[in-house]
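Worksheet: one structure, shown below.
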Number of protein chains: 2
Amino acid sequence: MPIVSSRSYHHGDLRAELLRHAEALLRRAGVDGLSLRQLARDTGVSHAAPSRHFRDKQALLDALAVAGFERLGETFEEAAATGTLLDRLRAMARAYLRFAIDNPALLALMFARKHRQTPAIEEAVTHAFATPFSMIADGQARGEVVPGDPRRICLSAVAALQGLAAFVGSGFIPAEEADSLFEETVTHLLDGLRPRR
Amino acid sequence: MPIVSSRSYHHGDLRAELLRHAEALLRRAGVDGLSLRQLARDTGVSHAAPSRHFRDKQALLDALAVAGFERLGETFEEAAATGTLLDRLRAMARAYLRFAIDNPALLALMFARKHRQTPAIEEAVTHAFATPFSMIADGQARGEVVPGDPRRICLSAVAALQGLAAFVGSGFIPAEEADSLFEETVTHLLDGLRPRR
DNA sequence: ACCTGAACACCGTTCAAGT
DNA sequence: ACCTGAACACCGTTCAAGT
């Protein structure tokens, strides 16, 4: 008789364990190598067991994306902990690119879903980008950032980084060039945020 | 006895026909819906026939990517046909975003291959971006564009557009917002290209 | 040279059956 | 409630065989 009611019969928490193995499988085999059956094998359950926790494969991918956005949001919070406004914006940009380079398959998953705009994902996205969003809004209130819809400003800045990250992650930009191109891009972005006087 | 030696036994040119159907299938079913067997069915050949023309599925995807870069390069050339330098750069940026929105699955294919850096693909990429590249180099020669490695300038500009296009294509940015965000981004990019005086 | 049909190992999904 | 095993329809790849 289990003490914690959420614990399953055979495993501690199969859902969490599946997610953990799925992240590892995604990392080492890519999106194409991430199969439910391989995941079941890695986790040591029958191939039909995951369906109890994820209705279908897309539900698993959605859950991975949510977890990814949560991790990304945490790195944003850490990056924005100290320093001047420009320091923190720069640190967040750096954290974003590092996340993209360290988790290329996960990042692709997070942004390559045209379908299934789950409320859970929307909430995770909003929460993840809350830090840079409020950073920009605060900067505007103090006159240190150019005026305009902070959501749009945040979006276009992240888009520029996203493109760079995608190019680096896909091998389109060689790793040697990534750092200096990143510095250029960030300098350029921060320059664009600075109010004209 | 066929007149043209490249013509196959049963079809005019099965390779070209496969590519044609593959593009259509990719467009209507996405990357996940693009299977060799469905493609064979669409083309009216046995499921093993494509393997004569494409060693494996990746080879088909590579060929689709090459065709995509060729099409993209053509739209760049058209966009850069007339107008001032800024007009042509703006037109190329617009053409890029339009291509991205009209061919989201193809664009994802073109840039999401970490593996198989084929010479054919590298050549197609270089050729496709030759127009914006030389446009920037020309602008520098005439003092109308900020100095610096034209390849890097081209790369970071395309990356910014790529990120925006990816966000729009994935439904991350609603279609209503795409145009105005694009205008803002392009204005910002062109502003960055203008030499300080 | 080019295509077919059968074969193999894999996959996602479903569902009756077990505990 | 949770998991298993069998079943089904699909897939990529290979290969002997046909024309």
Side-chain angles (χ1 to χ4, degrees), chain A residues 1-22 24-26 28-65 105 109 112-113 115-116 118, chain B residues 1-22 24-26 28-65 105 109 112-113 115-116 118:
Chain A
M1 182 165 148
I3 301 174
V4 181
S5 66
S6 77
R7 298 213 152 200
S8 79
Y9 186 56
H10 287 103
H11 300 87
D13 184 350
L14 183 54
R15 198 193 125 94
E17 207 168 343
L18 285 169
L19 269 179
R20 198 167 57 79
H21 281 99
L25 183 53
L26 176 66
R28 78 167 188 276
V31 187
D32 294 339
L34 178 59
S35 83
L36 287 175
R37 291 178 101 110
Q38 183 60 51
L39 173 59
R41 263 176 253 128
D42 289 358
T43 316
V45 292
S46 82
H47 67 263
S51 72
R52 290 287 136 188
H53 300 276
F54 303 101
R55 191 210 311 270
D56 52 20
K57 189 175 183 180
Q58 187 59 47
L60 172 69
L61 299 182
D62 289 350
L64 280 174
L109 209 75
R113 308 144 301 97
H115 26 261
R116 206 80 74 93
T118 311
Chain B
M1 182 168 146
I3 301 175
V4 181
S5 66
S6 76
R7 299 212 150 200
S8 78
Y9 186 55
H10 287 104
H11 301 85
D13 186 350
L14 183 55
R15 199 192 124 94
E17 207 167 344
L18 285 169
L19 270 179
R20 198 167 57 78
H21 281 100
L25 182 55
L26 176 66
R28 78 166 188 275
V31 187
D32 295 338
L34 179 58
S35 84
L36 286 175
R37 291 178 102 109
Q38 183 60 51
L39 173 60
R41 264 176 252 129
D42 289 357
T43 315
V45 292
S46 82
H47 69 262
S51 72
R52 290 288 136 187
H53 300 276
F54 303 101
R55 193 208 314 266
D56 53 20
K57 189 175 183 179
Q58 187 60 46
L60 172 69
L61 299 182
D62 288 351
L64 280 175
L109 208 75
R113 308 144 300 96
H115 28 259
R116 205 79 73 93
T118 312

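The two residues A:V31 and A:A105 have their closest heavy-atom pair at CG2-O, 4.1 Å. Closest of all the heavy-atom pairs between A:L39 and A:L25 is N-CD2, 3.9 Å. Contact between B:A63 and B:L19 at its shortest, heavy atoms only, is CB-CD2, 3.9 Å. Closest approach of A:D42 and A:H21 over heavy atoms only: O-NE2, 3.6 Å. Across all non-hydrogen atoms, the minimal contact from A:L18 to A:P50 is CD1-CA, 3.9 Å.
For the atom pair B:D62 CG and B:T118 OG1, the distance stands at 4.0 Å (nearest 0.5 Å). With values rounded to the nearest 0.5 angstrom, A:L14 atom CG is found 11.0 Å from A:R20 atom CZ.
Computed from coordinates, the A:Q38 CD to C:dG12 C1' distance equals 14 Å when rounded to whole Å. Rounded to whole Å, the distance from CD on B:Q58 to C1' on D:dG12 is 13 Å. B:R55 has its CZ atom 14 Å from the P atom of D:dC15, to the nearest Å. C:dC3 atom P lies 13 Å from atom CG of B:L39, rounded to whole Å. In this structure, NZ of A:K57 is placed 13 Å from C1' of D:dC10, rounded to the nearest angstrom. Summarising the geometry, the separation between CZ on B:F54 and P on D:dT13 is reported as 13 Å, rounded to the nearest angstrom. The distance between atom CG of B:D56 and atom P of D:dC15, rounded to the nearest whole Å, is 14 Å. One interatomic measurement links the two molecules: CG of B:D32 to P of C:dG12, which rounds to 11 Å at whole-angstrom precision.
Two residues, B:R52 and A:L36, neighbour DNA chain C, and the one matched to the more 5' nucleotide by heavy-atom proximity is B:R52.
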Can you give me the N/O atom pairs linking the protein to nucleotides 6-9 of chain D at distances under 3.5 Å, or say none if there are none?
{"from": "D:dA6", "atom 1": "N6", "to": "A:H47", "atom 2": "NE2", "distance (Å)": "2.9"}

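For A:K57 and B:D32, the salt-bridge test fails: no basic side-chain N is under 4.0 Å from an acidic carboxylate O.
Contact annotation: A:H53 does not reach the phosphate of D:dC2 (side-chain N/O to OP1 or OP2, under 4.0 Å). Between B:R15 and C:dA1 there is no side-chain polar atom (N or O) within less than 4.0 angstrom of OP1 or OP2. Taking 4.0 angstrom as the limit, B:R41 places a side-chain polar atom (N or O) nearer than this to OP1 or OP2 of D:dC11. Residue B:S35 places at least one side-chain N or O closer than 4.0 Å to OP1 or OP2 of D:dC11.
Residues forming a side-chain hydrogen bond (donor to acceptor under 3.5 Å, both in side chains) with B:R41 (at least two apart in sequence, or on another chain): B:Q38.
Counting only Watson-Crick or G-U wobble pairs whose defining distances are both under 3.5 Å, the stems of 3 or more consecutive pairs in DNA chain D are C:4-8 with D:12-16, C:12-16 with D:4-8.
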